[in-house]
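Reading through the C-alpha cells given below for one structure.
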Protein chains: 2
Amino acid sequence: MRTSDHQSSVTMPEACTATPIGRAIRLLGDVWILLIVMNLLQGPRRFNALRTSLGNISSKTLSQRLKVLEELGFVQRNAFLEIPPRVEYHLTTQGQELGDVIAVIEQFGKKHLSGSETCPSISDDTTQSACSE
Amino acid sequence: MRTSDHQSSVTMPEACTATPIGRAIRLLGDVWILLIVMNLLQGPRRFNALRTSLGNISSKTLSQRLKVLEELGFVQRNAFLEIPPRVEYHLTTQGQELGDVIAVIEQFGKKHLSGSETCPSISDDTTQSACSE
DNA sequence: CAGGATCCGATCGGATACTG
DNA sequence: CAGTATCCGATCGGATCCTG
C-alpha cells in the first residue's frame, strides 16, 4: 500500500520545505517529538511528569517541542489556575493520529531492531561514548 | 490498531536506548534517514544521484547515513568495479519495510500538514530566517 | 565518480538562575 | 509547579581538499 506519488520534490531538509510531506518529515524526524508523542499517547501528562519520563530532558527542550506540537494543533495545553499551578498536555483528535505513525515505528523496531545487531548512533565525528556496555 | 504495550521504558533519547523501540526512534527520528529512505524507495540510486535529490547534502552526511543504514541491513551497497567507479544503493527486503513508515508519515503529512498553518521549524534560540515568505 | 579527512560555523540541548 | 532567559559546551552538517 505505497502512496506512490511522491517523487517530485522530496528534497530540502532545511527550510519549511513548503510541501506537506517535507513538513511531516521535519516534524517527525525529531527524536524528542516522537518520544513526547509516544508518552502522550498513554494519556494526559503534566509538564514535569513528561520531563521525568523523557529522562530528565531539559525544560527548555521540552517546552520548545510542546509549543511546536501545540501550534500545529496536535497537542492541547490545559492550565489549571491553582496553587501550585498545574498544567496538563494531551493529544488532540488530530494528534491522536500520530499514534499510527508511532505504532508503525514501534512495529518496525520490534521486528528489525531487536537483535544485538550493530548499533550506530547516527552521530559521526569521533566523539561518542560506549555503545555496548 | 494501537500496539498498546508500550509503556515500560520509553525514555532516553541519547545512548543506544537498548530497547528496539528506542533504536527505531533514534533511527527514524532523523530527517536525513527519512529522506534517503524515501528516495531509495523509488529504486536504486547512485551516490551523487542521492546527493542531488537531497538538495546537495554534503557527501559527509550522506555517506554517514548510508553507512548506518547499511550496517543495520536496510540498505545494500553495490560497487561496480569500473572506471569511473559506480556505486548503487538500494533497499534490502528489510529496508523495503521502511516504506510502511514513510507511507504513514506521508499520509499524516498530507492529511494534517497541508494547510498554511503555522510552520514552526523545531529549532529554538532566536536564530532562524523567515518562515513565511 | 565515490567517499574519507579536516576545518569550522551554525545549531542543539543541558545546566543554572529567575519569575508567576 | 511550570515555564522563560541565558550561558555555553557538545554535536551536526556544510565546504573544501584529497585519494582510489
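Throughout, protein chains are lettered first and strands after them, A, B, ... in sequence-line order, and every chain is numbered starting at 1.
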Taking the minimum atom-to-atom distance to the side chain of [X], which one of [options] wins?
| X | options | value |
| --- | --- | --- |
| B:R65 | D:dG13, D:dG3, C:dC12 | D:dG13 |
| A:S58 | D:dG14, C:dA2, C:dA15 | C:dA15 |
| B:N48 | C:dC1, D:dA2, D:dG13 | C:dC1 |
| A:Y89 | D:dA2, C:dG14, C:dA2 | D:dA2 |

Atom-pair distance ([atom1] on [X]; [atom2] on [N]), nearest Å:
| X | N | atom1 | atom2 | result |
| --- | --- | --- | --- | --- |
| B:L81 | D:dG20 | CG | C1' | 11 Å |
| B:I33 | D:dC12 | CD1 | P | 12 Å |
| B:F47 | D:dG20 | CZ | P | 18 Å |
| B:W32 | C:dC12 | CH2 | C1' | 16 Å |
| A:D30 | C:dG13 | CG | P | 6 Å |
| A:R26 | C:dT11 | CZ | C1' | 11 Å |
| A:L50 | D:dC1 | CG | C1' | 13 Å |
| B:I57 | D:dA15 | CD1 | C1' | 14 Å |

Open item on the list: If the condition is side-chain contact (heavy atoms from CB on, under 4.5 Å), which residues does A:P44 pass it with, not counting sequence neighbours?
Closed with: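 Expected list: A:E88, A:H90.
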
Task: side-chain contact (heavy atoms from CB on, under 4.5 Å) against A:R51, all qualifying residues, sequence neighbours excluded - done: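 With neighbours one apart ignored, the set is A:F47, A:N48, A:I57, A:S59, A:L62.
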
TODO: Please check the phosphate of C:dA2 (OP1 and OP2 only) for any side-chain N or O of B:R46 closer than 4.0 Å.
DONE: yes

TODO: Measure the spacing between CG of B:L54 and CZ of B:R45 and express it to the nearest 0.5 Å.
DONE: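 Here the rounded value is 10.5 Å.
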
TODO: Starting at CD1 of B:I105, measure out to CG of A:L27 and round the result to the nearest 0.5 Å.
DONE: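 Reported value, rounded in 0.5 Å steps: 9.5 Å.
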
Task: Qualifying residues under side chain to side chain donor-acceptor pair (under 3.5 Å), relative to B:T92, sequence neighbours excluded - done: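 For B:T92 there are no side chain to side chain donor-acceptor pair (under 3.5 Å) partners, ignoring immediate neighbours.
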
Task: salt bridge (charged side-chain N to carboxylate O under 4.0 Å, His left out): pairs with one or both residues in residues 75-84 of chain A, sequence neighbours excluded - done: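 Sorted pair list: A:E82-A:R86.
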
Open item on the list: Tell me every residue that passes ring pair (Phe, Tyr, Trp, His ring centres under 6.0 Å) with A:Y89, counting only those two or more places apart in sequence or in another chain.
Closed with: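 Applying ring pair (Phe, Tyr, Trp, His ring centres under 6.0 Å) to A:Y89 gives none.
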
- [ ] Could you say whether A:L62 or A:P85 is positioned toward the 5' end of DNA chain C, judged by the nucleotide with the nearest heavy atom to each?
- [x]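 Checking each residue's closest nucleotide, the 5'-ward one belongs to A:L62.
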
Between the protein and nucleotides 4-6 of chain C, list the N/O to N/O atom pairs that are separated by less than 3.5 angstrom.
residue : atom : partner : partner atom : Å
C:dG4   : OP2  : B:S63   : OG           : 3.3
C:dG4   : OP2  : B:K67   : NZ           : 3.3

- [ ] By nearest nucleotide on DNA chain D, pick out whichever of A:L66 and B:N56 is the more 5' one.
- [x]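 Result: A:L66.
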
